[in-house]
Peer 1: 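Right, I'll just put the structure down here and ask away after.
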Amino acid sequence: MTFTFKAIDHIQLAAPKGCEEEARRFFNGILGFEEIEKPDTLKKNGGVWFAYGNIQIHVGIEEPFSPAKKAHPAFEVENIEGLKQHLLENNVKIIEDNNLPGANRFYVSDPFGNRIEVLEWV
């Protein structure tokens, strides 16, 4: 092979038209991602982009919109119990899952119903 995959550049999550403020409240206000500016050529499409270190989430407009119920990004975190408590304090519903050996994990949904996995390897 003459090519190499280096990293995931970003994760795209779909959302309905007009979602930007709710996306900011969740990804920035609750999860602590920083909003990053979209290129001028893409601003007309709506949506909003976020980053946390080298992790980027691009929330893009999809019409008609249907949330991803099975497909999902999975974020490895440090101090999963602290994050879980923070989410509960912000009225984010958590779905516990103990089916992955060697990992503490749970699922949440973004404000648009997209599934997100959170895990910490033990």
Side-chain angles (χ1 to χ4, degrees):
M1 295 183 3
T2 60
F3 57 86
T4 302
F5 287 95
K6 296 178 2 181
I8 293 176
D9 182 75
H10 67 276
I11 296 164
Q12 173 91 19
L13 295 175
K17 186 175 182 178
C19 70
E20 292 83 1
E21 287 307 312
E22 188 67 14
R24 287 179 179 104
R25 186 190 72 73
F26 182 74
F27 289 104
N28 175 259
I30 294 176
L31 295 184
F33 279 71
E34 178 183 336
E35 183 173 348
I36 57 176
E37 185 143 356
K38 291 178 66 171
D40 288 337
T41 55
L42 298 175
K43 287 180 181 178
K44 66 182 180 295
N45 299 332
V48 62
W49 292 5
F50 302 95
Y52 193 111
N54 63 353
I55 300 168
Q56 285 192 25
I57 297 174
H58 296 180
V59 177
I61 305 305
E62 184 174 84
E63 291 294 333
F65 169 70
S66 180
K69 298 292 187 183
K70 182 73 173 175
H72 62 275
F75 296 109
E76 181 180 358
V77 300
E78 186 176 307
N79 189 12
I80 196 167
E81 292 301 320
L83 175 57
K84 187 185 297 183
Q85 185 62 37
H86 175 73
L87 292 170
L88 291 171
E89 289 170 0
N90 282 277
N91 300 313
V92 176
K93 182 181 174 189
I94 292 174
I95 300 168
E96 298 282 352
D97 185 303
N98 299 315
N99 294 319
L100 181 60
N104 291 332
R105 74 176 180 170
F106 60 83
Y107 293 92
V108 298
S109 293
D110 73 7
F112 319 109
N114 295 306
R115 184 180 193 196
I116 297 173
E117 179 179 343
V118 179
L119 61 83
E120 183 174 40
W121 295 103
V122 291

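Note: hydrogens, waters and symmetry copies are ignored here, and every other heavy atom, side chains too, is used.
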Peer 1: List the atom of P111, the atom of E22, and the distance in Å for their closest heavy-atom pair.
Peer 2: CB-CG, 3.3 Å
Peer 1: Using modelled atom types and a 3.5 Å cut-off, is there a donor and acceptor pairing between side-chain atoms of E63 and backbone atoms of K17?
Peer 2: yes
Peer 1: L31 and L119: same hydrophobic cluster, using ILVMFWY side-chain contacts below 4.5 Å?
Peer 2: no
Peer 1: Between K38 (side chain only) and K44 (backbone N and O only), is there a donor and an acceptor less than 3.5 Å apart?
Peer 2: no
Peer 1: Would you indicate whether E78, at its atom CD, is surrounded by more than 12 heavy atoms from other residues, nucleotides or ligands within a distance under 6.0 Å?
Peer 2: no
Peer 1: To the nearest 0.5 Å, how far apart are CZ in R25 and CD in E20?
Peer 2: 15.0 Å
Peer 1: Can a salt bridge be assigned to the pair E96 and K84 using a cut-off of 4.0 Å between side-chain N and carboxylate O?
Peer 2: yes
Peer 1: At their closest point, which heavy atom of N99 faces which heavy atom of P101, and how far apart are they?
Peer 2: O-CD, 3.4 Å
Peer 1: Can you tell me how far the CG atom of D97 sits from the CD atom of E117, to the nearest 0.5 Å?
Peer 2: 7.5 Å
Peer 1: Ignoring hydrogens and angles, tell me if any N or O in the side chain of N90 forms a donor-acceptor pair with the backbone of V92 under 3.5 Å.
Peer 2: no
Peer 1: Minimum heavy-atom separation for C19 and P16, please, with both atom names.
Peer 2: CB-O, 3.1 Å
Peer 1: With a cutoff of under 4.5 Å between side-chain heavy atoms, which Ile, Leu, Val, Met, Phe, Trp and Tyr residues group with I61?
Peer 2: none
Peer 1: Heavy-atom count around E34 CD within 6.0 Å, excluding the residue itself: above 12?
Peer 2: no
Peer 1: Kindly work out whether a path of hydrophobic side-chain contacts (I/L/V/M/F/W/Y, heavy atoms less than 4.5 Å apart) joins Y107 to I80.
Peer 2: no
Peer 1: Which donor-acceptor pairs under 3.5 Å do side chains of residues 47-59 form with protein atoms, sequence neighbours excluded?
Peer 2:
from: Q56; atom 1: OE1; to: H58; atom 2: NE2; distance (Å): 2.7

Peer 1: Begin with the C-alpha distance, continue with both residues' side-chain angles, and end with the deciding distance and a verdict on side chain to side chain donor-acceptor pair (under 3.5 Å) for Q85 and E81.
Peer 2: CA-CA 6 Å; Q85 185 62 37; E81 292 301 320; over 6 Å; no
Peer 1: Can you hop from W121 to V118 via hydrophobic side chains spaced under 4.5 Å?
Peer 2: no
Peer 1: Could you list the residues that satisfy side-chain contact (heavy atoms from CB on, under 4.5 Å) with P73, not counting sequence neighbours?
Peer 2: I11, L13, F75, I116
Peer 1: For F33, is there any backbone N or O sitting under 3.5 Å from a side-chain donor or acceptor partner on N28?
Peer 2: yes
Peer 1: Does V77 share a hydrophobic cluster with L100, counting links as ILVMFWY side-chain heavy atoms below 4.5 Å and allowing steps through other members?
Peer 2: no
Peer 1: Establish whether L42 and I36 are linked, either directly or via other cluster members, by ILVMFWY side-chain heavy-atom contacts under 4.5 Å.
Peer 2: yes
Peer 1: Rounded to the nearest 0.5 Å, what separation is found between the CZ atom of R105 and the CG atom of N98?
Peer 2: 8.5 Å
Peer 1: Has N114 got a side-chain atom pairing as donor or acceptor with A68's backbone, closer than 3.5 angstrom?
Peer 2: yes
